[in-house]
Trainee: 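So that we are looking at the same thing, I have put the structure below in structure tokens.
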Amino acid sequence: MTVTDEQWQASRDALRSAGDRFADLVAGAPDPDRTMATADWSISVTAAHVASIAWLNASLVDTGLPPASVPDLDGRIRTTTVDTVDTLNVLTLEHFSERDPRVNAERLRADVDHLLRVSERCDPSLPIDWLGGARVPVAGLFAHLVNELLIHGLDVARVVGVPWEVPSRDAGLFFDLLMVGVARNGHGRLLDGGGPPRDRRVAVAFHSRYTTPVTLVLRNGVVTAEEPGAPADAHVSFDPATLNLMLFGRISRLRAALSGRLFVHGRRPWLLPAFLRTVRVPDVARTQALAPPA
């Protein structure tokens, strides 16, 4: 996968912007230990979680960073799948035990600064070993962190009662650079557990004004990316912010569809649910329920 100069600069700008916005938000949040950002996570735990992800992504780009105190972290990353990310989150939160959002906000800023600095001369298309043995381009790690900042920032902003924008252009990086990046470079064991593999080819074409057109193909449990124009069973026209909020359980599929910002059509659109059982993100409710209390 080749990341364009425009995509690389967009991912860097989005990370700086989202990182600063999130840090300001959690540092100023009232009563963060008691105010719940979600059903199971306080603002304090949410801030710690995001800070730990920023550190982890920085350590994947800069292997010279001091090792974390998390036992066998590298081995656990290699064996983590979409369905077991929850246990990795619990483990990292146990060892990243700081719960003061102001401290974690400054730590987040420092790790974002470090990530931007050490990656200045990186090839943004260079694949990095990631969860479950998946291979993600360096720019995809940026997109991953941007999405965490935007999604969890929305969680905090909703309970604090302040506006929070999820820019569609920034949200589109998650699809373009992470989801498609994994499909092009190999997803390893990351998507294991999505049901028994089927020999039948299921192809879904994705279209958005903020992303590069692509067709994702599922066959025998393996997801690959094909150029636009390949035969597709379903077509998904989407606004990236709406898609991400739906995938991560912040809005329902019905609400996404009724908004007019996500539209499915094609020859065999009924195959999309089977496709999404494999091409999926972590179960948010289960992940949060297993997180330790503040």
Side-chain angles (χ1 to χ4, degrees), residues 1 38 40-41 45-63 65-97 108 111 115 126-152 173-175 177-197 216 218 220-225 244 247-249 275-292:
M1 175 181 179
T38 69
D40 300 285
W41 283 10
V45 172
T46 300
H49 167 68
V50 174
S52 73
I53 293 175
W55 174 88
L56 177 59
N57 282 5
S59 70
L60 291 174
V61 175
D62 181 5
T63 56
L65 282 176
S69 60
V70 183
D72 190 28
L73 179 60
D74 289 343
R76 290 176 180 271
I77 290 174
R78 286 193 301 271
T79 58
T80 292
T81 69
V82 164
D83 297 329
T84 62
V85 168
D86 46 22
T87 59
L88 182 63
N89 285 340
V90 170
L91 182 68
T92 54
L93 280 169
E94 287 175 351
H95 290 269
F96 286 80
S97 56
L108 171 66
D111 284 332
L115 187 53
L126 179 69
I128 299 288
D129 289 333
W130 198 52
L131 303 177
R135 301 276 285 167
V136 179
V138 170
L141 292 177
F142 280 57
H144 171 250
L145 182 51
V146 168
N147 184 65
E148 291 287 331
L149 290 161
L150 293 177
I151 294 292
H152 289 299
L173 297 168
F174 181 80
F175 180 84
L177 301 178
L178 184 70
M179 293 183 69
V180 176
V182 167
R184 292 197 185 280
N185 289 290
H187 54 74
R189 297 182 52 197
L190 181 64
L191 300 179
D192 285 4
L216 296 183
L218 172 65
N220 289 325
V222 176
V223 180
T224 55
N244 291 1
L247 289 176
F248 286 91
F275 176 88
L276 292 176
R277 280 196 290 271
T278 296
V279 185
R280 65 204 191 281
V281 298
D283 183 330
V284 177
R286 184 165 180 258
T287 299
Q288 293 172 351
L290 290 178

Trainee: Would you please test R189 and T79 for side chain to side chain contact (heavy atoms under 4.5 Å, CB included) and show each step?
Mentor: CA-CA 7 Å; R189 297 182 52 197; T79 58; 4.1 Å; yes
Trainee: Just say parallel, tilted or perpendicular for the rings of F96 and W55, cut-offs at 30° and 60°.
Mentor: tilted
Trainee: Would you please indicate if the ring centroids of F174 and F248 are separated by under 6.0 Å?
Mentor: yes
Trainee: If every non-hydrogen atom of M1 is compared with every non-hydrogen atom of P137, which pair is closest and at what distance?
Mentor: SD-CG, 4.1 Å
Trainee: Can you see which heavy atom on N244 is nearest to which on I151, and at what distance?
Mentor: O-CD1, 4.2 Å
Trainee: Would you give the length of the straight line joining atom OG of S52 to atom CD of E148, rounded to the nearest 0.5 angstrom?
Mentor: 8.5 Å
Trainee: Side chains of L88 and L73, heavy atoms from C-beta outward: is any pair under 4.5 Å?
Mentor: yes
Trainee: Please report the closest heavy-atom contact between G181 and N185, naming both atoms and the distance.
Mentor: O-ND2, 2.8 Å
Trainee: Measuring only between side-chain heavy atoms, which start at C-beta, is V45 closer than 4.5 Å to D40?
Mentor: no
Trainee: Can you give me the closest heavy-atom contact between L141 and N57, atom names plus distance?
Mentor: O-ND2, 3.2 Å
Trainee: Going by heavy atoms in the side chains, are V146 and L150 under 4.5 Å from each other?
Mentor: yes
Trainee: Do you know which of L190, L126, L178, L60 makes side-chain contact (heavy atoms from CB on, under 4.5 Å) with V136?
Mentor: L178
Trainee: List the atom of L216, the atom of A183, and the distance in Å for their closest heavy-atom pair.
Mentor: CD2-CB, 4.0 Å
Trainee: Using only atom types and a distance under 3.5 Å, with no angle test, would you say the side chain of T80 pairs donor to acceptor with the backbone of R76?
Mentor: yes
Trainee: If you define the side chain from C-beta out and look only at heavy atoms, does anything of F142 sit under 4.5 Å from L177?
Mentor: no
Trainee: Could you tell me whether R78 and D129 have a side-chain N and a carboxylate O separated by less than 4.0 Å?
Mentor: no
Trainee: Which pair of heavy atoms, one from L191 and one from T278, lies closest together, and at what distance?
Mentor: CD2-O, 3.5 Å
Trainee: Determine whether L149 and V50 satisfy the following criterion, side chain to side chain contact (heavy atoms under 4.5 Å, CB included), listing intermediate values before the conclusion.
Mentor: CA-CA 7 Å; L149 290 161; V50 174; 3.5 Å; yes
Trainee: Would you check if V279 and M179 make a side-chain contact, meaning some heavy-atom pair closer than 4.5 Å?
Mentor: yes
Trainee: Please assess R135 against H187 for the test side chain to side chain contact (heavy atoms under 4.5 Å, CB included), listing each intermediate value before the final yes or no.
Mentor: CA-CA 6 Å; R135 301 276 285 167; H187 54 74; over 6 Å; no
Trainee: Applying side chain to side chain contact (heavy atoms under 4.5 Å, CB included), run through R280 and D83 and close with a yes or a no.
Mentor: CA-CA 9 Å; R280 65 204 191 281; D83 297 329; 2.7 Å; yes
Trainee: Are any non-hydrogen side-chain atoms of T92 and L56 less than 4.5 angstrom apart?
Mentor: no
Trainee: Without swapping roles, check the side chain of T38 against the backbone of W41 for a donor-acceptor pair under 3.5 Å.
Mentor: yes
Trainee: Output the distance between atom CG (L145) and atom CG (L108), rounded to the nearest 0.5 Å.
Mentor: 7.0 Å
